[in-house]
Amino acid sequence: MAGRSTSRHKIMLLLLVPFFLWIFAFLLLPAIMMLISSFQNEGGQGFTLGQYVKGLTHPLYTAAIKNSVILSLVSALVGLAVAAIGAYSFTTFSEKARDRMLSLSNMMTNFAGVPLAFGFMALLGTNGMLTLLFKQLGLSFLVFDLYSWKGLAWVYIYFQIPVALLIVYPSLYAIKEEWKESASLLGASAAQFWLRIGVPVLLPALVGTFSVLFANAMGAYATAYALVTNNFNLLSIQIGGLVAGDVFPRVELGSAMAVILFVILVIALWINEKMLRLARKGGGLP
Amino acid sequence: MNGVSGKKSAASRIGHLFVVIVILTFLLLPLLVTFLFSISTVWDHTILPKGYSFDSYAALFSDDRFLLALGRSFLVASVTVVLSLIVMVPTIFIVSLYVPKLERWLQSVVLMPFAVPGVVAAVGLIKLYSSPPFAISGTIWILIGVYFIIILPFVYQSTRNSLRSVNAAELMEAAEVLGADKPAAFAQVILPNIMPGIIAASLLSFSIVFGEFVLANMLVGGSYEVVQVYLYHMLGTDGHRSSATIVTFFLLVLILYVLVLKFGQRKPRTAVTSDAKEGNPFELRPDSKRVEKF
């Protein structure tokens, strides 16, 4: 009897082998190779910290990191603000309307990357619909260059909003109407309610969402790439160019930059994790 | 909703309506313009198109390059999803019922793809697979390999939740008491019961693979051109085909999305209801999708 059950156990563990092999071949081994490669000379020899030194000191790459961080911070902040206001407005509608609006917004998370780049070109490109409309209405001051940082920021904000709505909606939904009523009975204005109760209660969720959005933008590649190929000096674009660019590839430096990006993301997601824990603890606030 | 708040909300309701309309319009506008472009004849320096026709779609669906790319995308997505189910459903089943020690570990491994953007994942894969002995870069195999990893979180969550909501442990026990051995109990009792969840996960995974661009472009590019890479190549040269491709892609996503909702909400057929009201901590919805594809 015992023999039979251990052999059964062995068969079961055997069934797990394909999964382990797959994880090893396409997750673990590539990660190890990237890490090793990031410590090698150009050409893949020896051991050096040179790639990291270059990645963190060369003006081209420090600018890329800085640009990526600024773009991510700005797009995450604006995206979160818009989504928080939007999510709160969503909660005031009937359940049916709410579900429809959320489904629509969630659908739009699919409108990212290359399709998104096209949509914005058709809308705000040189001959885009809105560009021409603004010009004809004499509102030329509203026209901006889509292929500039300002244009890219708009596109990033665009793809952050549905993601932010998705994450932040549940916590705004938890703000109870009774809290507002009690606060207003006690003489608090709407502004006071939000300042003293609403925002503090939501803070962990907002910070958590912010870090997810930040990570989202830091890792984004397709949209900027589709807009102007390699012309924006962003960290993700640099990595892509170094590893798979048309000019001769420098995989080692690309690996080091990828590790740097990964570390930034881990920190952002770690903050998110902390905030989620805090939010769960503070969930029972009166 | 008493009288006071009722009066107050009459004024603020208009404000909320305004906010919602502005946001949803902003979100829909690029897609609407893309659609308008796809049904336009000429649209280069006027605010609205000069005329309308479905010629873009006719041209697109008679373009062999597009049809081939579409076929490749279907092939990659189907093979990946099928392989993932064959490997992952038994793995998740065994770990959650018989090797609970591995559960936490499995969960964190499976969630890892969330933290790794495509551009980072591509680096190690290029390093590893673009030279012998495993030179599969530029082929369908590397795509299947890495997409399997990308869809792991969705397949895991949905399968795990289904197992939990049908109370798989009790079902297995009951089946074994009635004389079925474990493989038979799994195939004839568990599998049919978790099918709706598995179908929902498959459809969602399919749409994720179908929309993936970064890895397809960096690892394979033109040597095995899938729809997203085709679209990228058309972007600068042919606005009509680009827009028609995008609308076609979005219609497909829409169909998959509706199906996911349908299957995701279907109640399991089992009569076991002991903890049915507990609900799933992470119910599968198309929106549990995140980040990595931008």
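Residue numbering restarts at 1 for every chain, and letters A, B, ... go by the order of the sequence lines. Note that the coordinates shown come from a computational prediction; the quantities given were computed from them, not determined experimentally.
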Distance-minimising heavy-atom pair for [X] and [Y]:
X        : Y        : answer
A:Leu123 : B:Val33  : CD1-CG2, 3.0 Å
B:Met218 : A:Gly240 : CE-CA, 3.8 Å
A:Ala244 : B:Ile126 : CB-CD1, 4.1 Å
A:Ala222 : B:Val214 : CB-CG2, 3.9 Å

What part of [X] gets within 4.5 angstrom of chain A, counting heavy atoms only: side chain, backbone, both, or neither?
X        : answer
B:Leu125 : both
B:Leu254 : both
B:Thr245 : neither
B:Leu31  : both
B:Ile136 : side chain
B:Phe134 : neither
B:Leu27  : both
B:Leu83  : side chain

Heavy-atom pairs under 4.5 Å with chain A: which of [options] has the most?
options                                : value
B:Ala122, B:Pro30, B:Gly124            : B:Pro30
B:Leu219, B:Val87, B:Leu102, B:Val99   : B:Val87
B:Gly15, B:Ser242, B:Gly145, B:Pro90   : B:Gly145
B:Gly239, B:Gly221, B:Ser130, B:Gly236 : B:Gly239

Item to check | The single option from B:Phe249, B:Phe37, B:Phe35 passing ring pair (Phe, Tyr, Trp, His ring centres under 6.0 Å) against A:Phe118 | outcome: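 Going through the options one by one, the only one that passes is B:Phe37.
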Next on the checklist: Counting only non-hydrogen atoms closer than 4.5 Å, does A:Leu104 touch chain B with its backbone (N, CA, C, O), its side chain (CB onward), both, or neither?
Outcome noted: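 Just its side chain gets close to chain B.
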Checklist entry - A:Phe26 and B:Tyr147: aromatic ring centres closer than 6.0 Å? => result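 Here the rings of B:Tyr147 and A:Phe26 have centres that are no less than 6.0 Å from each other.
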Item to check | Output field: ring centroids A:Tyr225/B:Tyr232 closer than 6.0 Å | outcome: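 Aromatic pair counts; centres sit under 6.0 Å.
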Item to check | Parallel, tilted or perpendicular: rings of A:Phe19 and B:Trp105 (30°, 60°) | outcome: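 Perpendicular.
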Checklist entry - Between A:Trp154 and B:Phe26, how do the two ring planes meet: parallel, tilted or perpendicular, split at 30° and 60°? => result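 Perpendicular.
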Checklist entry - Does the side-chain contact (heavy atoms from CB on, under 4.5 Å) test come out yes or no for B:Val116 and A:Leu265, once each step is laid out? => result CA-CA 8 Å; B:Val116 185; A:Leu265 295 185; over 6 Å; no
Hey, could you give me the [atom1]/[atom2] distance between [X] and [Y], rounded to the nearest 0.5 Å?
X        : Y        : atom1 : atom2 : result
A:Ile23  : B:Phe148 : CD1   : CZ    : 7.0 Å
B:Leu32  : A:Met129 : CG    : CE    : 8.5 Å
B:Phe18  : A:Ser89  : CZ    : OG    : 10.5 Å
B:Leu152 : A:Leu27  : CG    : CG    : 8.0 Å
A:Met107 : B:Leu28  : CE    : CG    : 9.5 Å
B:Leu17  : A:Thr92  : CG    : OG1   : 8.5 Å

Next on the checklist: Run the side-chain contact (heavy atoms from CB on, under 4.5 Å) test on A:Val114 and B:Val229 for me, step by step, so that the C-alpha distance in whole Å, both residues' side-chain angles and the decisive distance to 0.1 Å come before the verdict.
Outcome noted: CA-CA 9 Å; A:Val114 188; B:Val229 177; over 6 Å; no
Next on the checklist: Assess the residue pair B:Val120 and A:Met34 against the criterion (side-chain contact (heavy atoms from CB on, under 4.5 Å)); give the C-alpha distance rounded to whole Å, side-chain angles, the decisive distance to 0.1 Å, and a yes or no.
Outcome noted: CA-CA 9 Å; B:Val120 172; A:Met34 177 176 81; 4.0 Å; yes
Item to check | Evaluation steps, side-chain contact (heavy atoms from CB on, under 4.5 Å), between A:Tyr88 and B:Val19 | outcome: CA-CA 10 Å; A:Tyr88 179 65; B:Val19 169; over 6 Å; no
Checklist entry - Can you tell if the side chain of B:Thr91 reaches within under 4.5 Å of the side chain of A:Leu15, non-hydrogen atoms only? => result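 Of all side-chain heavy-atom pairs linking A:Leu15 with B:Thr91, none is under 4.5 Å.
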